[in-house]
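Read through the structure below, which is laid out as structure tokens, and then see the notes.
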Amino acid sequence: MDYNFLATEKKWQQYWAEHNTFVVEEPSDKRKYYVLDMFPYPSGAGLHVGHPLGYIASDIVARYKRMEGYNVLHPMGFDSFGLPAEQYAIQTGTHPAVTTERNIKRYRKQLDRIGFSFDWTREVRTSDPSYYKWTQWTFLRFFDHWYDSKRNTARPISALVELFYDSGSKDISAHSHPHDPFTAQQWNSWDEVRQQKMLMNYRLAYLSKTMVNWCPALGTVLANDEVKDGFSERGGHPVEQKKMMQWSLRISAYAQRMLDNLDHLNWPRSVKEVQRNWIGRSQGATVHFPVKDSDQSIEVFTTRPDTLYGATFMVLAPEHELTESLTTPGQQKEVEAYVQQAKMRSERERMADTKEVSGVFTGSYAINPLNGKPIPVWVADYVLSGYGTGAIMSVPAHDARDFLFARHYHLPIVQVVSRPGEVLENTDTWENAYDSKEGHLINSKDINGLPVDQAINKTIEILKEKGLGHDTVQFRLRDAIFSRQRYWGEPFPIYYKNGMPYALDDDQLPLKLPEVDKYQPTEKGEPPLARAKNWKTKEGYPLETNTMPGFAGSNAYYYRYMDPHNEKEFFSKDANAYWKDVDLYLGGDEHATGHLIYSRFCAMFLYDLGMTTEEEPYKRMINQGKIQGRSSFVYRIPGTNTFVSYHQRKKHKTQKIHVDINLVDNDVLDTEAFKKWWPQYKDAQFITEEDGRYICGREVEKMSKSKYNVQAPDDLMEQYGADTFRLYEMFLGPLESHKPWDTQGIEGVFRFVKKLWRLFHDDQGTFAVEDARPSEKELKVLHQTIKKVKDDMERLAFNTTVSQFMICVNELTDINCRKRAILEPLTTLIAPFAPHIAEELWSKMGHRDSIAYAPIPPLDSSFLKEYSFEYPVSFNGKMRFKKALPLDLNKEEIEQAVLDDERSEKYLQGKPPKKVIVVPKRIVNVVVAN
RNA sequence: GCGGAUGUGGCGGAACUGGUAGACGCGCCAGACUUAGGAUCUGGUGCCUUCGGGCGUGUGGGUUCGACUCCCUCCAUCCGCACCA
């Protein structure tokens with residue numbers, strides 16, 4: 001009787017649900033283990049074969065850790081606010097909540113079919129008011145805190161107000177927007193609006209008029225990580241720069257801490273690297289350049305203050321605030337035209353032609369603060385307004401971009417750093433700037449002769465003394481723009497009084513999304529929430545009409561799983577003290593600059609508030625690779641309905657066309673099915689191979705509908721069952737690497753599952769496990785498997801674990817082993833990977849309880865002991881023959897045994913060996929002179 | 001341009017700190033049982049070969065008794081970032 005996987009899998013999935021097998025018990029004396037998957041956005045397309053890869057791996061870890069005796073938190077939920085449901089709502093009028101609910105149901109069904117051990121009683125959905133209550137609550141904490149950069153922690157706004165009240169702004173060292181200093185008297189004399197405006201410069205969630213990424217097609221602003229190459233990440237619509245009043249989170253306050261902590265995280269190197277680049281710390285100096293014949297000065301940031309003597313001109317970004325006032329009447333027309341043109345150019349265009357040099361002279365001169373020389377001030381769009389001070393000193397001899405600019409506009413190039421061992425060169429003949437930090441200073445008065453690193457420090461000292469500058473650290477990381485002009489997101493718990501935003505009281509939360517008649521912006525261009533009737537507080541103050549961005553709900557969701565039903569708090573201190581942080585986090589590396597930055601920031605903030613025990617949320621992270629599609633192609637002779645088989649295609653002029661992978665088996669096309677695929681192929685003709693088969697071409701590509709290469713897990717589950725599917729996804733290759741989906745390969749794993757079943761049954765299909773004593777050989781293969789499972793679990797190298805299971809089952813089958821003492825431990829080892837068949841066999845072996853909490857068998861290495869070893873014998877590094885020798889021989893004895901072997905004569909050719917290398921239990925290598 | 005990753009049979013991939021390259025599986029070939037099989041089982045399968053052997057882990061070099069593994073060079077592919085001063 002064959003294994004009936006469909007019935008068995010259904011039975012155990014029901015059993016787990018009915019017995020609450022995976023509901024986490026708490027409190028517990030057991031050690032905790034928290035395995036988390038990045039929760040999905042429930043899209044309308046459902047799961048394809050690539051999605052569950054990470055979930056299967058994490059489920060194996062969760063199940064294994066449970067069997068090791070850990071109390072395992074393994075939850076799942078849905079990141080259910082997002083654009084697709086809203087776009088669908090705009091088109092059809094269906095409320096996004098309805099679409100979302102439907103999609104979640106489908107996801108849940110698909111996930112359950114795979115046999116995951118999630119504790120669904122802890123499910124969170126970001127679009128559920130009982131959850132977004134805490135997203136709003138967290139936002140209000142951001143709103144109500146500022147960052148004290150002396151103490152390096154977030155502190156309540158009330159503490160800041162006290163400081164202002166006592167001594168004004170002078171003693172405060174905070175991460176804030178720049179503003180004029182004020183005294184206590186001034187503060188106390190201000191009215192509420194003015195005080196609130198000042199506080200806005202400090203709040204960690206603040207409202208400000210900033211340059212934003214505006215996406216007209218989506219009708220909303222986007223954060224930097226949501227824009228790729230000038231297009232929106234979702235939908236690929238063009239994005240433009242625009243100044244708007246927006247909410248932002250002051251994430252830049254945490255830049256240094258986020259950078260420092262990266263060193264201690266057990267994360268993939270590449271993700272850490274991406275984050276380092278994204279944070280983009282650079283150390284340098286701020287330098288003030290007085291403007292000639294003016295009391296203004298230009299502030300620049302430079303990482304190379306040592307090259308100050310080589311600064312021969314300055315450049316302002318077109319948007320720079322001094323651009324207008326520094327333009328002399330004679331240059332006005334030209335500058336205005338240039339600034340206007342720069343404004344018109346989209347971010348996209350500006351990035352596209354970075355090689356084009358363009359700029360215009362303002363007519364003004366600045367004074368080099370060290371040598372007093374006047375240098376011209378230009379405006380050019382190669383200087384970005386958003387980085388540093390939006391102005392630079394240009395050192396064309398030692399900066400590639402400045403060099404290009406100087407050459408183009410014939411500006412002087414003065415060398416101030418010489419290469420090691422060389423002296424002054426003629427810069428007129430240079431083809432490139434010399435921007436290396438190797439070398440020493442020349443043409444630079446007090447710092448001449450110093451190597452670059454010392455010159456940097458010395459220059460900063462001099463600037464400090466003269467009051468012309470100071471050392472500075474710049475970050476590329478910008479504050480996160482936090483508002484969206486959208487419907488399907490968390491409403492801000494904010495109302496307006498006299499034009500200033502105020503927080504709703506906590507007991508007003510959640511502020512639920514209102515009903516609207518349409519999901520589009522209003523005719524006046526306001527966000528959809530402005531359509532809601534009575535969108536105001538009880539007192540009549542208008543509520544904020546923006547909503548929060550997609551990443552708001554995922555910033556801190558991992559905390560909510562710890563205490564998901566708490567109505568009084570986001571999560572209790574006790575729950576957090578027990579679960580602490582995520583031990584293993586699985587998800588895609590595409591979140592490296594978005595979710596993984598924001599949630600680290602949020603975790604750090606909640607830590608500052610004293611709510612949590614850990615500063616970092618995810619101790620260890622693994623990025624699962626993507627599963628690519630394997631597309632199949634037919635080759636049509638253009639203009640005909642004739643298709644040429646793969647190997648014949650060169651004989652004709654053909655075009656390659658994607659064909660549905662379901663019509664292809666092992667590259668052979670089912671030509672009858674193909675004719676029925678589309679009406680136009682009804683009369684298709686085929687030029688086949690000699691054996692009459694039509695062979696398709698294949699290629700590895702991204703899985704996508706349009707390429708007809710999408711493999712849905714549902715069909716496979718019907719055909720092979722969940723256990724086979726789980727094993728196969730793991731067997732495919734290393735978890736982290738991208739790999740193509742091969743529909744053929746699953747057969748091999750399916751055979752393994754059936755073979756496993758047969759191992760427990762006789763030829764008649766009767767369960768036949770017996771209680772006989774196991775042999776040494778049987779114990780050896782079992783313990784080899786135990787060892788492999790344990791080792792691989794550490795590295796999450798499940799592909800080789802599955803191989804070992806196959807080896808083990810093959811061997812036990814060969815020696816006809818049906819012994820309980822072997823098969824019972826083997827079943828527990830396989831249980832995390834193929835839980836359904838394991839449960840079934842476990843219960844057949846007489847167990848009443850689920851295998852989910854059965855202990856993993858301990859490794860006894862004594863069974864692995866070898867008494868002899870088959871030495872590969874090499875002559876001059878080439879393996880010639882093998883010789884089995886007892887392991888207790890010493891090196892000399894091994895050497896002698898090998899040289900005495902008659903097969904050695906041939907390779908020695910009568911000569912004595914020059915040298916013999918013996919590595920016990922590894923190899924023998926004989927070196928012969930030739 | 002900068003940074004990261006990867007390159008092993010027809011295919012997916014194994015190979016721990018340098019020590020038998022190709023485990024395991026797919027596919028393919030041959031055979032058994034079968035009316036039949038796309039079920040099951042057995043054997044074979046890196047390439048070349050004059051059957052002695054030779055060649056083989058992207059390329060070329062180096063270190064070593066010995067290199068997929070370490071060092072240098074170059075090439076290819078993929079992924080980030082990209083006027084960041």
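Everything quoted here is computed from the prediction, not taken from an experiment.
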- Query: If we take the P atom in both B:G22 and B:A15, what is their distance in whole Å?
  - Reply: 13 Å
- Nearest-0.5 Å distance that lies between atom CD in A:Q719 and atom CG in A:L6: 10.5 Å
- Message: Set out, in order, the CA-CA distance, both residues' side-chain angles and the distance that settles side chain to side chain donor-acceptor pair (under 3.5 Å) for A:D665 and A:Q744, then state yes or no.
- Response: CA-CA 8 Å; A:D665 181 29; A:Q744 285 297 314; 2.8 Å; yes
- Item | Separation of B:G22 C1' from A:I807 CD1 (nearest whole Å) | 13 Å
- In whole angstrom, what separates A:K754's NZ from B:A39's P? 7 Å
- Across the strands shown, which category fits A:R630 at heavy-atom distances under 4.0 angstrom: base, sugar-phosphate, nothing? sugar-phosphate
- Message: If I pick the P atom on B:U45 and the same atom on B:G10, what distance separates them, to the nearest angstrom?
- Response: 16 Å
- Under 4.0 Å between a side-chain N or O of A:T593 and OP1 or OP2 of B:C81? no
- Message: With a 6.0 Å cut-off on the ring centroids, do A:Y720 and A:F725 count as close?
- Response: no
- Message: Would you say A:R476 places a side-chain N or O within less than 4.0 Å of OP1 or OP2 belonging to B:A82?
- Response: yes
- Query: Between A:N277 and B:G80, does any side-chain N or O lie under 4.0 Å from OP1 or OP2?
  - Reply: no
- Query: Do A:N925 and B:C65 have a side chain to base donor-acceptor pair shorter than 3.5 Å?
  - Reply: yes
- Contact under 4.0 Å: A:R698 side-chain N or O vs B:G12 OP1/OP2: no
- Item | Pairing nucleotide - B:U64, Watson-Crick or G-U, each distance under 3.5 Å | none
- Query: Is there a Watson-Crick or G-U wobble partner for B:U42 with both distances under 3.5 Å, and if so, which one is it?
  - Reply: B:A30
- Message: Measuring only the P atom in each nucleotide, how far is B:C29 from B:C47? A whole number of Å is fine.
- Response: 15 Å
- Note on the structure: Of the candidates B:A14, B:G12, B:C65, the side chain of A:F731 sits closest to B:G12
- Message: Side-chain N or O of A:K914 versus OP1/OP2 of B:C65: is the shortest distance under 4.0 Å?
- Response: no
- Task: Write down the distance separating the C1' atoms in B:G18 and B:G62, rounded off to the nearest Å.
- Result: 15 Å
- Message: Quick check for you: among B:G4, B:A14, B:C24, whose closest atom lies nearest to any side-chain atom of A:N799?
- Response: B:A14
- Query: So does A:N810 get a side-chain nitrogen or oxygen closer than 4.0 Å to the phosphate oxygens (OP1/OP2) of B:G25?
  - Reply: yes
- Using a cut-off of strictly less than 4.0 Å, decide whether A:R276 has a side-chain nitrogen or oxygen near OP1 or OP2 of B:G3. no
- Query: In whole angstroms, how far is the C1' atom of B:G3 from the CG atom of A:D589?
  - Reply: 15 Å
- Task: May I have the distance from A:R795 (atom CZ) to B:G13 (atom C1'), rounded to whole angstrom?
- Result: 14 Å
For nucleotides 41-47 of chain B, tabulate all protein N/O to nucleotide N/O atom pairs closer than 3.5 Å, reporting atom names and distance.
from  : atom 1 : to     : atom 2 : distance (Å)
B:C41 : OP1    : A:R758 : NH1    : 3.3

- Message: Using a distance-only criterion (donor-acceptor N/O pair, under 3.5 Å, no hydrogens), is the base of B:U17 paired with the side chain of A:R922?
- Response: yes
